[in-house]
Amino acid sequence: MIECVSCNAKYDDNEVIYNCKECGSVLEVVVDIDKSDVPRETFDCRKDVLWKYKEFMPVDETKIVSLDEGGTPFCKCNKLGEKLGIDLYVKVEGSNPTGSFKDRGMSVGMTKAMELGVDTVGCASTGNTSASLAAYAARAGLRCVVLLPSGKVALGKLAQAMFHGAEVLSVNGNFDEALETVTALALEKHLYLLNSINPYRLEGQKSIGFEVVHELGWKSPDRIVLPVGNAGNISAIWKGITEFHNAGYIEDLPMMTGIQAEGAAPIANSFRKNTMDMVPVQDPETIATAIRIGAPVSSIKALRAIYDSNGYAETVNDDEILAAQLDLARYEGIGVEPASAASIAGVKKLVEEGVVDKGEQVVCIVTGHLLKDPNTAINACTEPIEIDADVEALKKILLNK
Ligand code: AN7
């Protein structure tokens, strides 16, 4: 069953619907499972991928479209953790098949598309959604149309969308405008929309929450911190953790903490005013192009997650993002794209502000791989030194250091 998160209107699972017909709000798929029906040991000896939690995925198991997404690395980061005075873990979502967390949502969303029997799928994207959709559409054998904000998509993501055979349209406008356009097209039934306004996308992404508490030995961390753009992921992770809590698998809940770029921070602005109202940012701007989003469609779900979990929202500037990206790469060997590093930058700021307590167990979700945005990575480094293939020349340089 699909339910409106605002007025609780109910819709059939097989209705193609993105917003509530009664009130216009966002929808979610209702999943209600108890440990007496599915004991948590069920998941222990299955292959470590998203579908090991298949009981919680409300789609037709015989139609699964998968690239073995999920089961991503969960790395304890002692060096950065000690610097910050916290117990820090990083969930490395860049290790998914196309290099971002979107693959989780796309696997379940594409499975739903197969169930519905659609022939064309589409999305607007700051990059990663389009890369993922293109790959999963190829695997499913469906036509794929993606709308990208012109000139604002990192190179790796653009390469993926094109190479997997999506019809790539470069929109003169930002992500929010592209999403509005493609949503209108979807409402006229020209394509099945696989942005996170589609509640089945979030069903896949909630598995990040499942994996985190499972890996901690059926315990919730004190806090989960992640970058927020269109606000689907924070909503999804909270939904997943709440489902595991309701099932009786875990006793505690984490403080959901969303980090936005200073130039694209409508959710953090709402949090500062302690309101559920979200005022869109008209011209969002940040070097973290993945989260260059001014009007997040899941703002209601995200703000509820933050308030209900006693969580927090904060902003970081581009310099803080780039510094955190470098820290993670140099201290821990984990390469992430700028948007992902917002989580680390955010934790640092929240420790300094006294919001995050010393010794807290914090899990940062780093959402996309370093190679997604090679230009930003290269620009952060000095160029390699050119030498002849000559031992003496090489020694001169190395022994000089
Ligand atoms: C690396 O690809 O919106 O708050 O169109 O690529 O769930 O939107 C990407 C978002 C964080 C924000 N980190 O997640 C898209 C798109 C990375 C991302 C986010 C995105 P949401």
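Atoms within each ligand, like the ligands themselves, are counted from 1 in listed order.
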Trainee: Working note: Glu251 + Trp218, criterion side chain to side chain donor-acceptor pair (under 3.5 Å); need CA distance, chi angles, decisive distance, verdict.
Mentor: CA-CA 8 Å; Glu251 278 169 23; Trp218 300 109; over 6 Å; no

Trainee: Would you call Glu115-Lys112 a salt bridge at under 4.0 Å N-O?
Mentor: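 Salt bridge flag = yes for Lys112 with Glu115.
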
Trainee: What do the steps show when you test Lys91 against Thr72 for side chain to side chain donor-acceptor pair (under 3.5 Å), and what is the final call?
Mentor: CA-CA 7 Å; Lys91 184 78 171 149; Thr72 52; 3.1 Å; yes

Trainee: Got a sec, which residues hit salt bridge (Lys or Arg N to Asp or Glu O under 4.0 Å) with Glu203, two or more places apart in sequence or on another chain?
Mentor: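 For Glu203, the residues satisfying salt bridge (Lys or Arg N to Asp or Glu O under 4.0 Å) (neighbours in sequence not counted) are Lys206, Lys239.
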
Trainee: Kindly assign one of parallel, tilted or perpendicular to the pair Phe244 and Phe210, based on the angle between their ring planes and the thresholds 30° and 60°.
Mentor: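 Judged by the thresholds at 30° and 60°, the geometry between Phe244 and Phe210 is parallel.
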
Trainee: Heavy-atom cut-off of under 4.0 Å around ligand 1: list whichever protein residues fall inside it, by chain and number.
Mentor: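 Protein residues near ligand 1 are Phe101, Lys102, Ser125, Thr126, Gly127, Asn128, Thr129, Phe175, Pro227, Val228, Gly229, Asn230, Ala231, Gly232, Asn233, Ala290, Ile291, Ile293, Glu337, Ala339, Thr367, Gly368.
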
Trainee: Using atom types as modelled and distance alone, determine if a side-chain donor or acceptor of Ser207 lies under 3.5 Å from a backbone N or O of Gly204.
Mentor: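 Yes; judged by distance alone, with no hydrogens or angles, the pair exists.
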
